[in-house]
Student: 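Could you have a look at this structure, given as structure tokens, before my questions?
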Amino acid sequence: MLVIVYKWTLAVIFLISASVPTWAESSAELDSLSGATVRVCGNNAYPPVTWINKNQQIDGINVAVIRRLFEPLGVTVDTFQDSNWRRCIKEVELGNVDILSGFKTDVRQQFMTYLDAPIIRESIYLYYPIEHPLMFEGWEALAGLRVGVLMGDSFGNKVDAALHKYPSLEFVSTQDQNLLKLADNRLDVVPMGGLSGQLDLRRLGLEGKIGYTKTDVSDFWYLAISKKSSLIQWLPLLNQRLNQLLKDPETVSKLVTKYHQVYSEDLDLSRRRAEQ
């Protein structure tokens with residue numbers, strides 16, 4: 001009888017051991033991560049995925065995922081941001097910011113390491129003055145138009161290369177500038193995210209003044225760590241935790257719904273719409 005109990009005990013111990021997370025989640029290893037502060041920055045123009053809220057904090061779906069990765073480990077997530085997107089990328093390159101979310105490009109991979117799992121897919125649209133509608137016929141077809149682009153924005157290596165050949169490419173620090181220029185016919189077209197663009201049109205009261213059409217670009221937002229950040233040593237743990245978090249297919253869809261509402265409340269969009 002004792003032999004049977006002993007064998008059963010060994011089997012239970014084996015099963016428990018097999019279910020324990022990998023080396024990085026051992027209590028001894030996590031002690032050095034607990035109590036740390038992680039600095040985050042992001043794109044200020046892609047709600048509900050990422051934007052800077054009225055308290056100068058980067059907010060949105062991607063930040064929510066970052067919080068879920070770190071805060072259960074006793075890590076403080078610092079989301080204060082007083083810079084534009086281009087400066088955010090530079091701060092990550094310098095190692096002053098630990099982590100951001102964005103599209104994956106060859107240039108960025110020189111100084112960032114991307115986590116394996118993508119967070120959310122973003123479709124890119126062309127926005128244009130409503131009285132001058134456009135059909136998407138390829139990126140080369142836009143070369144003769146006045147095109148507005150957010151500083152630091154990327155639509156993938158191929159599209160970026162085409163855009164930078166345009167003779168009338170105008171860079172701005174906020175998408176508000178782009179959309180207001182469109183409404184005033186000072187630009188012909190602006191490429192930007194489908195989700196964010198429609199929210200921004202509503203916020204700025206430009207619905208009915210600006211139209212949009214889908215392009216052939218659809219890319220994923222990833223989390224990326226500065227190669228100068230101490231977080232690099234925790235890459236196996238972060239990949240493991242992110243994969244576990246995204247295993248539930250409802251996770252991102254629930255965050256989309258939640259942060260669409262958070263953005264609306266942050267900017268009081270319901271009241272603004274009623275006043276228009």
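The first residue of the sequence shown is numbered 1, and numbering continues consecutively from there.
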Student: Could Glu170 and Lys181 be called an ion pair, given the rule that one side-chain N must be under 4.0 Å from one carboxylate O?
Tutor: yes
Student: Would you call Phe220 and Lys104 a side-chain contact if the rule is heavy atoms closer than 4.5 Å?
Tutor: no
Student: Going through the checks in order, is the salt bridge (charged side-chain N to carboxylate O under 4.0 Å, His left out) test met by Arg67 and Glu71?
Tutor: CA-CA 5 Å; Arg67 289 189 182 281; Glu71 289 183 342; 2.7 Å; yes
Student: Are there more than 12 heavy atoms of other residues, nucleotides or ligands under 6.0 Å from atom NZ of Lys227?
Tutor: yes
Student: Should Arg108 and Val92 count as side-chain neighbours, where that means a heavy-atom distance under 4.5 Å?
Tutor: no
Student: Checking Asp200 against Tyr263: is there a side-chain donor and acceptor pair closer than 3.5 Å?
Tutor: yes
Student: Decide if atom OH of Tyr212 counts as having more than 12 heavy atoms of other residues, nucleotides or ligands within a radius under 6.0 Å.
Tutor: no
Student: Can you name the closest pair of heavy atoms from Arg202 and Ser264 and give their distance?
Tutor: NH1-OG, 4.0 Å
Student: Is there a path from Leu179 to Tyr46 through hydrophobic residues (I, L, V, M, F, W, Y) whose side chains come within less than 4.5 Å of each other?
Tutor: yes
Student: Quick check: closest heavy atoms across Leu115 and Tyr222, and the distance to 0.1 Å?
Tutor: O-CD2, 3.5 Å
Student: Short question: side chain of Ser229, backbone of Ser226 - any donor-acceptor pair under 3.5 Å?
Tutor: no
Student: Under 3.5 Å, side chain of Thr50 to main-chain N/O of Asn43, donor-acceptor pair present?
Tutor: yes
Student: Drop me the distance from Tyr128's OH to Leu187's CG, to the nearest 0.5 angstrom.
Tutor: 15.5 Å
Student: Do Asp98 and Arg39 meet the salt-bridge criterion of a basic N to acidic O distance under 4.0 Å?
Tutor: no
Student: More than 12 heavy atoms of other residues, nucleotides or ligands under 6.0 Å from CZ of Arg146: is that the case?
Tutor: yes
